[in-house]
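Both backbone and side-chain heavy atoms feed into the values below; hydrogens, waters and symmetry mates do not. All chains are named by letter (A, B, ...) in the order of the sequence lines, taking the proteins before the strands, and each is independently numbered beginning at 1.
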Amino acid sequence: MVLLVTSDNEQFQTEKDIVERSVLIKNMLEDVGESDQPIPLPNVSSSVLKKVTQPSTGPTEIDVRGRYLSTASTTVESPSRPPILEQSQDETRKRTTDISEWDQKFITVDQEMLFEIILAANYLDIKSLLCRRWLQDGSQHDQGARPPEEIRKLFNIVNDFTPEEEAQIKKENEWAEDR
Amino acid sequence: MSGHYLWSYATYSPHITRKSAATRFFDLKMGPHDVLFAQIPTRDLVRLSQTCKRVHFLVNDVCFNITRLLCRFFGASGVEKFRQMQRRTGTLISGSMALQLFNRLTWRDSDLDIYVTRVSAPMAALFILQHDYKFYPRKSQDECIDAQLDASEAYKTPSYLGRGIADVLDFHKGSNKIQLIVASTDPMETIMSFHTTCVMNTITYDKAFSLYPWSTFVTSEALVVETVGAGQEVGRQKYADRGWALTHAMSASRNSELGVRVHRSVGDRFTWTISLPPLPADPLKKADSILSCQWELDCDGVKTFTAMIPHRSNGEMTS
């Protein structure tokens, strides 16, 4: 077991194989060796850490980047992109994104918590957590893409464009508005 | 992790207004924004970029970066010089490289296709040669570029060319290939004569334009447009293999970029425009002639074609 201390001074006894999903913590453990000393996580709150260390619900393995892999996974198609053929001339027609069962169940949270987790995942170096839920929570909207006003409200982003800048950017991107 | 700026919980005071988690994420100087953006479909990304200055900068810098696109051809320091040359000469980028800018893809073996007027061709060719490219004349071409450009003025639209193309000069450096496409009249007319709508994208010195973004990036369709010249079917198949559904059906809607006889112009409400990072000021800057380019998609009952709308130099249409 590993003892973690969060930014709000809560202590968590966590199984080593779970916390080692974090490359940061894994490296720390390797550096300090076996120790009873708590590991401070000054950039992660207790509520976020609870989410990050939620156990998996299925048979799992851990990849080199600390990603939790579930043997039960589903495949979804990206909703509105042509196929990705990065650095190749493959003839693949569909881009697919694997989302493990654990990832799907993982972040059923509000939008503020979503980015808190993204920040924590960045700090802890857990890449798989960075963006999974954007596709399902941040991106989707009843009529398609969310309007900028709604995204601002959703994520509490302050609009700092001048009226002229906003008008120009709106004109440049008018094509993407709902039809 | 010292390179990752994060809001410090250690100094957090509940009396200080705290930024949202999303804002703090986008404020990260070395954050994994690319990982997030890569998961976001194009239209969502465009709308996210409209939320605030920081996100707008990040999206353009991470996803639609002209320097990253062109640096393999000219080096990072040469890209700005290339864009300055574009400004002086009105040179346009089109073809698969322009498509890749919008689509956030990398097709490793893509050529750089640049479109110039006859007048500007020598200056553009000189720029390419100055960046260590070598001219490889085709069998029918003169080994001297100037002589070849002079000779091409007398061409009577050979079948290979057509589509308003006066000449095509090939330049190679290692595995990189640049094609200099000399337009008989207006480079934009040549681009508007492409075989499908998904490749009707162009990059000027300061802006990138996608003329059919909804079909190209949202529904992944490419309207087949009738055009002359050999190799059109091969060209269309290349993009079908890359995932676009070739369609022959225009739209009856006046609210569609593929609408029959919908009056279009570069930069109109259907166009996706990306402003590129500004270049240093140039008193000799030329006007954006492509903004006056106007056209309609039309159909003769069998085939779809692009009908260019003539315009006067002051922007008024001719009757």
If you look at every heavy atom in [X] and [Y], which pair is closest and at what distance?
{"X": "B:Gln50", "Y": "A:Arg152", "answer": "O-NH2, 2.8 Å"}
{"X": "A:Arg146", "Y": "B:Arg47", "answer": "O-CD, 3.2 Å"}
{"X": "B:His56", "Y": "A:Phe161", "answer": "CB-CZ, 3.8 Å"}
{"X": "B:Ser275", "Y": "A:Gln168", "answer": "OG-NE2, 3.5 Å"}

Rounded to the nearest 0.5 Å, what separates atom CG in B:Leu45 from atom CG in A:Asn173?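 Answer rounded to 0.5 Å: 10.0 Å.
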Return the OG1 to CD1 distance between B:Thr273 and A:Ile169, rounded to the nearest 0.5 Å. 12.0 Å
Does atom CZ (B:Arg54) have a neighbourhood of more than 12 heavy atoms from anything else shown, all under 6.0 Å?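 Yes - once you tally the heavy atoms of other residues, nucleotides and ligands closer than 6.0 Å, there are more than 12.
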Measure the shortest side-chain to side-chain distance between [X] and [Y] over non-hydrogen atoms and say whether it is less than 4.5 angstrom.
{"X": "A:Glu150", "Y": "B:Thr51", "value": "no"}
{"X": "A:Ile157", "Y": "B:Cys52", "value": "yes"}
{"X": "B:Leu211", "Y": "A:Trp175", "value": "no"}

With a 3.5 Å distance limit and no angle check, can you tell me whether B:Arg269 reaches the backbone of A:Glu174 through a side-chain donor-acceptor pair?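 Pair absent, no side-chain N/O of B:Arg269 close to backbone of A:Glu174.
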Please check: side-chain N/O of A:Asp160 versus main-chain N/O of B:Lys53, any donor-acceptor pairing under 3.5 Å?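 Present.
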Which is it for B:Arg43 and A:Asp178 under the salt bridge (charged side-chain N to carboxylate O under 4.0 Å, His left out) test, yes or no, and what are the steps along the way? CA-CA 10 Å; B:Arg43 191 163 161 247; A:Asp178 292 331; 2.5 Å; yes
Measure B:Thr271 against the heavy atoms of chain A and call it side chain, backbone, both or neither at under 4.5 Å. backbone
Whatever's closer than 4.5 Å to a heavy atom in chain A on B:Ser210 counts as neither
So which part of A:Glu149 gets closer than 4.5 Å to some heavy atom of chain B, the side chain, the backbone, both or neither? neither
Chain B contact via A:Glu165 - which portion, at a heavy-atom distance below 4.5 Å: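 Interface part for A:Glu165: side chain.
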Between B:Phe209, B:Phe270, B:Trp272, which shows the greatest number of heavy-atom pairs under 4.5 Å with chain A? B:Trp272
